Amino acid sequence: MWLEWLVAWSWSLDGLRDCIATGIQSVRDCDGTAVVTVACLLVLFVWYCYHVGREQPRPHVSVNSLLQGVDANGLQNGSMYCQSPECARCTHHEGLNQKLYHNLQEYAKRYSWSGMGRIHKAIREQGRYLSSQPSIQKPEVFFLPDLPTTPYFSRDAQKHDVELLERNFQAILCEFETLYKAFSNCSLPQGWKVNSTPSGEWFTFDFVSQGVCVPRNCRKCPRTYRLLGSLRTCIGNNVFGNACISVLSPGTVITEHYGPTNIRIRCHLGLKTPSGCELVVGGEPQCWAEGRCLLFDDSFLHTAFHEGSAEDGPRVVFMVDLWHPNVAAAERQALDFIFAPGR
């Protein structure tokens with residue numbers, strides 16, 4: 001018995017030695033570039049497995065508990081402020097004007113001062129503009145003077161983009177309905193954000209948030225994401241640009257508030273618009289319509305509410321920020337540079 005075991009063990013060692021020798025010879029016979037490529041792929045695979053293994057699955061949390069647990073510090077009118085002293089969008093102190101002027105000078109050195117007169121004037125007098133604005137319109141961060149001002153804009157203000165959005169209404173609606181099926185048992189699926197409101201529930205699904213693309217969400221709605229790239233006047237490169245699906249549940253009221261700037265027009269494409277829903281901008285009420293765009297200046301005091309019943313379902317709009325039509329091309333390029341995310 002022992003003799004048989006020793007013979008078998010010896011055979012196993014010989015086989016293992018032969019296997020190792022064959023493997024070494026195969027590597028020697030291979031081209032060096034191929035070996036390096038295979039090694040790199042193995043390293044990437046190991047890194048990927050480690051990265052995926054570290055990710056914890058996001059639990060489904062009750063929306064009501066999320067609303068009750070939101071810390072009021074850092075929240076204003078349903079929007080999160082990062083509180084970073086480096087962020088022009090979130091900095092509210094006298095040093096902001098100096099920071100903006102430094103960014104303008106850096107832009108002018110790289111490109112040109114041509115067409116920068118109004119922006120230069122705006123930064124130099126920003127404190128006075130913001131403090132002297134009437135209470136009906138009071139942008140929180142940046143005011144560009146000499147822009148025509150009105151609570152609502154006609155469809156012709158950005159005709160190309162409005163018509164493009166309305167032609168793609170069904171595609172956007174279809175992708176929203178696929179997303180919304182993930183809601184179950186009052187849980188918040190991954191990718192959705194809950195915003196603070198005095199009553200009801202307000203969710204957003206961001207594609208672009210303060211000038212930063214949200215890749216995971218964009219991959220879930222590829223047709224909507226491609227549509228954003230086709231818009232001529234979409235603000236996508238500075239902190240004032242946003243694009244999202246916004247959902248108000250019945251009984252929701254959004255607190256009256258001002259947007260950060262007057263250089264943009266906020267566009268709402270109605271996806272689901274039950275009765276009892278209104279948008280009020282500068283004291284003027286308007287109703288959404290399915291498949292139609294509503295353009296307004298959110299630097300005016302504004303609010304929205306859904307007074308319908310639970311049977312009516314949520315109010316849903318596709319929201320995207322467009323350039324104000326009277327901001328010139330050179331000014332848009334400069335503002336993208338001055339208010340670039342993280343600058």
Side-chain angles (χ1 to χ4, degrees), residues 61-81 133-141 150-153 173 176 179-180 183 185-189 191-206 209-210 242-262 264-290 292-321:
V61 183
S62 166
V63 170
N64 291 329
S65 66
L66 283 170
L67 286 169
Q68 292 167 4
V70 170
D71 185 358
N73 184 27
L75 280 170
Q76 184 170 341
N77 303 320
S79 300
M80 181 69 74
Y81 286 78
Q133 281 297 107
S135 59
I136 195 172
Q137 183 191 27
K138 193 180 289 289
E140 296 181 332
V141 178
T150 179
Y152 294 97
F153 285 80
L173 177 62
F176 159 73
L179 285 175
Y180 203 64
F183 278 87
N185 299 322
C186 294
S187 60
L188 190 68
W192 288 88
K193 181 176 68 176
V194 61
N195 302 280
S196 65
T197 55
S199 62
E201 296 172 341
W202 173 24
F203 316 109
T204 50
F205 188 84
D206 293 329
S209 178
Q210 294 190 10
N242 303 274
C244 70
I245 293 174
S246 174
V247 178
L248 294 186
S249 64
T252 300
V253 176
I254 298 177
T255 306
E256 286 188 325
H257 62 285
Y258 303 96
T261 183
N262 66 328
R264 71 187 188 189
I265 295 177
R266 180 148 284 186
C267 175
H268 281 183
L269 172 65
L271 300 181
K272 289 183 177 293
T273 58
S275 59
C277 299
E278 275 191 9
L279 172 70
V280 182
V281 182
E284 299 180 20
Q286 288 276 3
C287 294
W288 296 276
E290 293 181 3
R292 302 282 289 180
C293 287
L294 184 61
L295 307 180
F296 63 100
D297 183 345
D298 74 326
S299 67
F300 281 79
L301 187 66
H302 63 285
T303 182
F305 55 86
H306 182 351
E307 293 182 335
S309 64
E311 290 74 22
D312 294 329
R315 183 239 58 178
V316 186
V317 299
F318 176 64
M319 188 204 82
V320 59
D321 290 323

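Since the model is a prediction, treat every value here as computed from it, not as a measurement. Nothing fancy with the numbering, it's 1 onward along the sequence.
The two atoms that bring Tyr152 and Leu279 nearest to each other are OH-O, 3.1 Å, heavy atoms only. Across every non-hydrogen atom of Pro274 and His306, the tightest pair is CG-NE2, 3.7 Å. In terms of heavy-atom proximity, Pro260 sits nearest to Arg264 at CD-NH2, 3.1 Å. When all heavy atoms of Thr252 and Trp202 are compared, the closest pair comes out as CG2-CB, 4.3 Å. Closest non-hydrogen pair, Pro314 versus Tyr180, comes out as CG-OH, 3.8 Å. Residue Phe203 comes nearest to Trp192 through the heavy atom pair CB-CE3, 3.7 Å, listed as atom of the first residue, atom of the second, then distance.
Taking CG of Asp298 as the start and CD of Gln137 as the end, the distance is 10.0 Å to the nearest 0.5 Å. Taking CD1 of Ile265 as the reference point, atom CZ of Phe153 lies at 4.5 Å (rounded to 0.5 Å). Between atom NZ of residue Lys193 and atom OG1 of residue Thr204 there is a gap of 4.0 Å, rounded to the nearest 0.5 Å. Note that CD of Glu290 and CZ of Arg292 are 13.0 Å apart. Values are rounded to the nearest 0.5 Å. How far CD of Glu307 is from CG of Asp312: 11.5 Å, rounded to the nearest 0.5 Å. Taken from CG in Asp321 to SG in Cys244, the straight-line distance is 8.5 Å, to the nearest 0.5 Å.
Listed by first and then second residue, the salt bridge (charged side-chain N to carboxylate O under 4.0 Å, His left out) pairs involving residues 267-287 are Glu177-Lys272 (not counting sequence neighbours).
Residues Ser246 and Arg315 are in side-chain contact: their nearest non-hydrogen atoms beyond the backbone lie under 4.5 Å apart. Side-chain contact check for Leu248 versus Ile254: some heavy-atom pair is nearer than 4.5 Å.
Side-chain N or O atoms of His302 include one that pairs as donor or acceptor with a backbone N or O of His257 at under 3.5 Å. A donor-acceptor contact shorter than 3.5 Å links the side chain of Ser199 to the backbone of Gly251. Judged by distance alone, the side chain of Asn242 and the main-chain N or O of Gln210 form a donor-acceptor pair under 3.5 Å.
Among residues two or more places apart in sequence or in another chain, the salt bridge (Lys or Arg N to Asp or Glu O under 4.0 Å) test is passed with Asp297 by none.
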Problem set entry | Candidate pair Val247 and Glu201, rule side-chain contact (heavy atoms from CB on, under 4.5 Å), full reasoning | CA-CA 8 Å; Val247 178; Glu201 296 172 341; over 6 Å; no

For this session: Please step through side-chain contact (heavy atoms from CB on, under 4.5 Å) for the pair Phe318 and Leu173, ending with a clear verdict.
Result: CA-CA 9 Å; Phe318 176 64; Leu173 177 62; over 6 Å; no

